[in-house]
There are 2 protein chains.
Amino acid sequence: MAKQMTEMLKGTLEGIVLAILAVGPAYGYEITARLREQGFADIVEGTVYALLVRIEQRGFVDVTKAPSEKGPPRKVYSLNAAGAEYLNEFWKSWSFLAERLEALRLEGK
Amino acid sequence: MAKQMTEMLKGTLEGIVLAILAVGPAYGYEITARLREQGFADIVEGTVYALLVRIEQRGFVDVTKAPSEKGPPRKVYSLNAAGAEYLNEFWKSWSFLAERLEALRLEGK
DNA sequence: TACCACTAGATAGTATCGCAGAATAGCGAC
DNA sequence: GTCGCTATTCTGCGATACTATCTAGTGGTA
């Protein structure tokens, strides 16, 4: 993927993962796989796990353990109230940015 | 500013500045002022100057000096062919991200 | 003179992402 | 029963970009 994507993801990936969790609880491995399916082919697992640790420490998600058929137990994350509010702020920031960029794109041609 | 914006700007601010330069040549102080007018109130000048140095070193802009009525001479940046192409790639990355996020936002409610 | 607006830059600090690899845990084959 | 495979999580280092704050030079004005 374009190297620009790497930098663009900083700050947005967090929102993306929170948005995924807003749809329903999920665990790290699953989230990574879902991102890959949706076209974020180059997102490394380590990145997702680190992000999950961060949002857990900031209290945006609740965590439960669930057994897996194969492999270590899954850590299932679900968005809580604080996380939902933070996600809402994220959407505001994103909307602002997207509007500004759309305006610039039109202006440029 | 929401702290989210700071991280979100990484990778996008570069595209924003290039898009501004696509409209017409401009110098650093002017670009900063224009960003502030457009709602990016908290972007500090040092950020813009550092960014301009980067895109100059990567060969995306041509630079000329122009005298100022008040103050030191202006460094006027204008987008060249390489910069235009890079900006085009930026728009592609941005479009992809914006589409994915829009889909997620709809899915979430 | 002193201050303000304009213009450019430098330094140190912080946060996020990529990469590579280790660690853990269950299941089937041999 | 141990070897290997898959699923799942975690960790440490390096690269990059933005912020905050400061330095510094020019010219007009009170």
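A:Asn88 is linked by a side-chain hydrogen bond (donor to acceptor under 3.5 Å, both in side chains) to nothing, counting only residues two or more places apart in sequence or in another chain. By the side-chain contact (heavy atoms from CB on, under 4.5 Å) test, A:Ala33 pairs with no residue at all, sequence neighbours left out. For A:Val63, the side-chain contact (heavy atoms from CB on, under 4.5 Å) partners are A:Glu56, A:Lys75, A:Tyr77, not counting sequence neighbours. Take A:Thr64 and apply the side-chain hydrogen bond (donor to acceptor under 3.5 Å, both in side chains) test, not counting sequence neighbours, and it matches no residue. A:Arg34 is linked by a side-chain hydrogen bond (donor to acceptor under 3.5 Å, both in side chains) to A:Glu30, counting only residues two or more places apart in sequence or in another chain. A:Ser68 pairs by the side-chain hydrogen bond (donor to acceptor under 3.5 Å, both in side chains) definition with nothing, not counting sequence neighbours.
Within residues 15-24 of chain B, no residue has any heavy atom under 4.0 Å from DNA chain C. Listed by residue number, A:Tyr27, A:Gly28, A:Tyr29 are the residues of residues 27-35 of chain A with a heavy-atom contact under 4.0 Å to DNA chain D.
For B:Met8 and D:dT19, the CE to C1' distance is 16 Å, given to the nearest whole Å. For the pair A:Lys75 NZ and C:dA23 P, the computed distance is 19 Å after rounding to whole Å. Atom-to-atom, CZ of B:Arg58 to P of D:dA15 comes out at 16 Å; the value is rounded to the nearest Å. The separation between A:Arg74 atom CZ and C:dT24 atom C1' is 15 Å, rounded to whole Å. Regarding A:Lys65, its NZ atom lies at a distance of 12 Å from the P atom of C:dG26, rounded to whole Å.
Annotation: the span from B:Thr32 atom OG1 to B:Tyr29 atom OH amounts to 8.5 Å, rounded to 0.5 Å.
Using a 4.5 Å cut-off on side-chain heavy atoms (C-beta onward), B:Phe90 and B:Leu87 make contact. Contact check for B:Glu45 versus B:Val48: no side-chain heavy atoms found under the 4.5 Å cut-off. Side-chain contact between B:Leu104 and B:Arg100 is absent, with no heavy-atom pair separated by less than 4.5 Å.
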Could you go through the salt bridge (Lys or Arg N to Asp or Glu O under 4.0 Å) check for B:Glu89 and B:Lys92 one step at a time?
-> CA-CA 5 Å; B:Glu89 281 170 29; B:Lys92 283 189 203 157; over 6 Å; no
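Pairing each heavy atom of A:Ser93 with each of B:Met5, the nearest pair is O-CE, 3.6 Å. Contact detail for B:Ser95 and A:Arg105: the closest heavy-atom pair is OG-NH1, 3.2 Å.
Each end of the helix from C:dT1-D:dA30 to C:dC30-D:dG1 gets its own rotation axis from five pairs of C1' atoms, and the angle between them is 20° to the nearest 10 degrees.
In terms of phosphate contacts, A:Tyr49 brings no side-chain nitrogen or oxygen within less than 4.0 Å of OP1 or OP2 of D:dC10.
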For residues 7-28 of chain A, dump all side-chain donor-acceptor pairs below 3.5 Å to protein atoms at least two apart in sequence or in another chain.
{"residue": "A:Glu7", "atom": "OE1", "partner": "A:Lys10", "partner atom": "NZ", "Å": "3.3"}
{"residue": "A:Glu7", "atom": "OE2", "partner": "A:Lys10", "partner atom": "NZ", "Å": "3.3"}
{"residue": "A:Thr12", "atom": "OG1", "partner": "A:Met8", "partner atom": "O", "Å": "2.5"}
{"residue": "A:Thr12", "atom": "OG1", "partner": "A:Leu9", "partner atom": "O", "Å": "3.1"}
{"residue": "A:Glu14", "atom": "OE1", "partner": "A:Arg58", "partner atom": "NH2", "Å": "2.4"}
{"residue": "A:Glu14", "atom": "OE2", "partner": "A:Tyr86", "partner atom": "OH", "Å": "2.8"}
{"residue": "A:Tyr27", "atom": "OH", "partner": "A:Arg74", "partner atom": "NE", "Å": "3.2"}
{"residue": "A:Tyr27", "atom": "OH", "partner": "A:Arg74", "partner atom": "NH2", "Å": "3.2"}

Could you list the protein-to-nucleotides 25-27 of chain D atom pairs, N/O on both sides, closer than 3.5 Å?
{"residue": "D:dT26", "atom": "O2", "partner": "B:Gly71", "partner atom": "N", "Å": "3.2"}

Please tabulate the protein-to-nucleotide N/O contacts below 3.5 Å involving nucleotides 17-21 of chain C, giving atom names and distances.
{"residue": "C:dC17", "atom": "OP1", "partner": "A:Leu9", "partner atom": "O", "Å": "3.1"}
{"residue": "C:dC17", "atom": "OP2", "partner": "A:Arg54", "partner atom": "NH2", "Å": "2.6"}
{"residue": "C:dG18", "atom": "OP2", "partner": "A:Thr47", "partner atom": "OG1", "Å": "2.8"}

